[in-house]
Structure formats: structure tokens, C-alpha cells
2 protein chains.
Amino acid sequence: MNIGQAADASGVSAKMIRYYEQIGLIRPPSRTGSNYRVYGGDEVHVLRFIRRSRTLGFSIEETSALLALWQDKTRASGEVRDIASGHISALETKIAELESMVGTLKHLVHCCHGDNRPDCPILDDLAGTHSKTKGH
Amino acid sequence: MNIGQAADASGVSAKMIRYYEQIGLIRPPSRTGSNYRVYGGDEVHVLRFIRRSRTLGFSIEETSALLALWQDKTRASGEVRDIASGHISALETKIAELESMVGTLKHLVHCCHGDNRPDCPILDDLAGTHSKTKGH
DNA sequence: CTTGACCTTACCATGATGGGAAGGTCTATC
DNA sequence: GATAGACCTTCCCATCATGGTAAGGTCAAG
């Protein structure tokens, strides 16, 4: 299987497969006489694992740890759960930040009449000129 | 006012002030005879505007547009509101994605006993091996 | 044999920020 | 004055994960 076929089979672009190899996330595959990378079912399985992990927002580093645990037959699932739990916390922190931004912005948009008058509470807020934005 | 003082006064690092100048977000300030950048109250005001905008998650590009509107006395607030509304949508999309990740992860963590047994539903999910076929 | 699809490596770009080196300048203290 | 240390300057590099492109090699079908 060539890299393009492995890419199609795994959903990971050829570009990223080479990158993952370069940074040591996956092992270099064998090569044909003409230096083409050759992949088999196992490699595709690993690539799919990586793709799923990335889709769930795990970083490459976290993915690397999960991959090692996956390939370690004697692993304890507690480690895996710790990584996942930590990641959940990080995601929730990020969500809270974004929600805070959205809350502020919605308030500002609500206060903005959005017509042709130059007055604009959104800009006033950004500028820090505390011209009281009258609330809902 | 030197760049360090402008940084302290605005909350934007000196490094970023130079960067903003380099990419054309802010105008090059005047210089002393010894080539030091010189800032005044107006510049600090602009920098604070930028900082607030970035804090609210606007990109540099969006910030640039908002800044232009802020400095345009004849602007219509509708444009500003459109930018803000678009940004809210983008943030909400991002939040939904993150929440979806969190939901999946919480479910997996909940299913994971987290003890020393090698069996782990989190890894099974990542691998796509849906239970019965154990041992990859 | 040619064409086109594929592969290889290598370099550059992103977005926003930080780090650091090498060298010049200012200010306070001795 | 001299000197120390805090500041400034430009320039380069690193991040993180991904995409693009270019120059060149390989393969399969017509």
C-alpha cells in the first residue's frame, strides 16, 4: 500500500503521515526498491487511532502517550483515564473562556443599534471609554 | 515614552508592539535621535484597544477592521456589529465542537474503570475496535 | 514512448507570541 | 568621568499542526 492509499484508508493526509513519521509519532515504514513508503493494515490502524485522538482534541503529545499505552499490553487503564480527564478539564477551561467572550460580545451587540449613526457601544467598549452601555 | 513604558501602560508586550508595527496594524511611531521608538497617549490608547479586542478573541485581521472603524469618525455602527456577530457565530461553533469532544470523553471516562486491568474503553474507542474483537 | 498520476525530499507559510543574541544607549551611582 | 545595569535596536529561531509548492523520480495505461 502506497502512502496515498494509506491516507485514503486512514483519513490522515499523506503530508501528515510523513510529518508523524518525522516527529517520531509513528515508525518509519519499509520502502520499495524505488524508495516508496509501504504500509499495511497495522499502520493504517495506528493512523486511524491517531486521527480519532486528534479529532477528540488531544494534542500530538497526548496522542503519543495514548498510542504508547494502547500498544502496551500491560498498561493500566488508570493512566489513560488520567490523560483523558486532564484533557476534559483543559477543554472545559477553554469553553468557559470562549463563553465569557461570547457573553460580553452578545451584550455589546445587543446594545448596538447597528444603524448609520457613528455611535457604537462595541467600539466604545474596546476603546475603554466607559460610556455606559445601558443594559437589557 | 519608550516602548517598555508603552507596554506597561497598555498591557501589550514590547515584542508585540513591534510586531503590530511590522505587520502594519499600527503606524510606526516617531524615533529619538538614537532610534528609540517614542509613544504618546494616543498610541497607548490604540494599543489598549487592540489588547481588549484580542482578549475578546478577535483575530488580528478583525482587530484591524475594528480599529479602522473606530478611527473612522463617519463609520456606521452596523459594520461593527456585523463583525462582532460573525465572531460570535464562530466562537459558538468552536464551543459546540469542544462540547462535543467533552461529551464523548466524559462518556468514555465514565465507562473506564481506571484500575490496573489492561482493558480500557477509551483506548478501544480511539482504536475503533468496538469491544468484542479484543487484542489488536 | 508518452502522458498523467503518483511518489520523493526540501523549503516556505500560516497566527500570534516568546526567547535570545549581538550590539547600541541612557541613567544613576561611585 | 567611568562604570554597571537597565533599557533599546534589529535579526533569527521556535512554537503547533497543517497546507502548499517546486524539482525531480517512478509507475501504469494507452
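The shown structure was predicted, so the numbers you read here are calculated from the model rather than taken from an experiment.
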- request: Let me see the working for B:V102 and A:H87 under side chain to side chain contact (heavy atoms under 4.5 Å, CB included), right down to the final yes or no.
  value: CA-CA 9 Å; B:V102 167; A:H87 186 49; over 6 Å; no
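Under the 4.5 Å side-chain criterion, counting only non-hydrogen atoms from C-beta, A:Y19 is not in contact with A:L25.
By the side-chain contact (heavy atoms from CB on, under 4.5 Å) test, B:Y39 is found to be paired with B:M1, B:I3, B:A6, B:I17, B:E21, B:P29, B:R37, B:E43, residues two or more places apart in sequence or in another chain being considered. The salt bridge (charged side-chain N to carboxylate O under 4.0 Å, His left out) search around B:R51 returns none, not counting sequence neighbours. For A:R48, there are no salt bridge (charged side-chain N to carboxylate O under 4.0 Å, His left out) partners two or more places apart in sequence or in a different chain. Under the salt bridge (charged side-chain N to carboxylate O under 4.0 Å, His left out) criterion, B:E92 pairs with A:K106, not counting sequence neighbours.
Relative ring orientation between B:F49 and B:W70 is described as parallel, the plane-to-plane angle staying below 30° on a 0-90° scale split at 30° and 60°.
First and last contacts of DNA chain D with chain A, using any nucleotide atom under 4.0 Å from a protein heavy atom and ordered 5' to 3', fall at D:dA17 to D:dC27.
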- line: Its contact letters, B for base, S for sugar-phosphate only and - for none at protein heavy atoms under 4.0 Å, make nucleotides 2-18 of chain C read ----BSBBB-----BBB
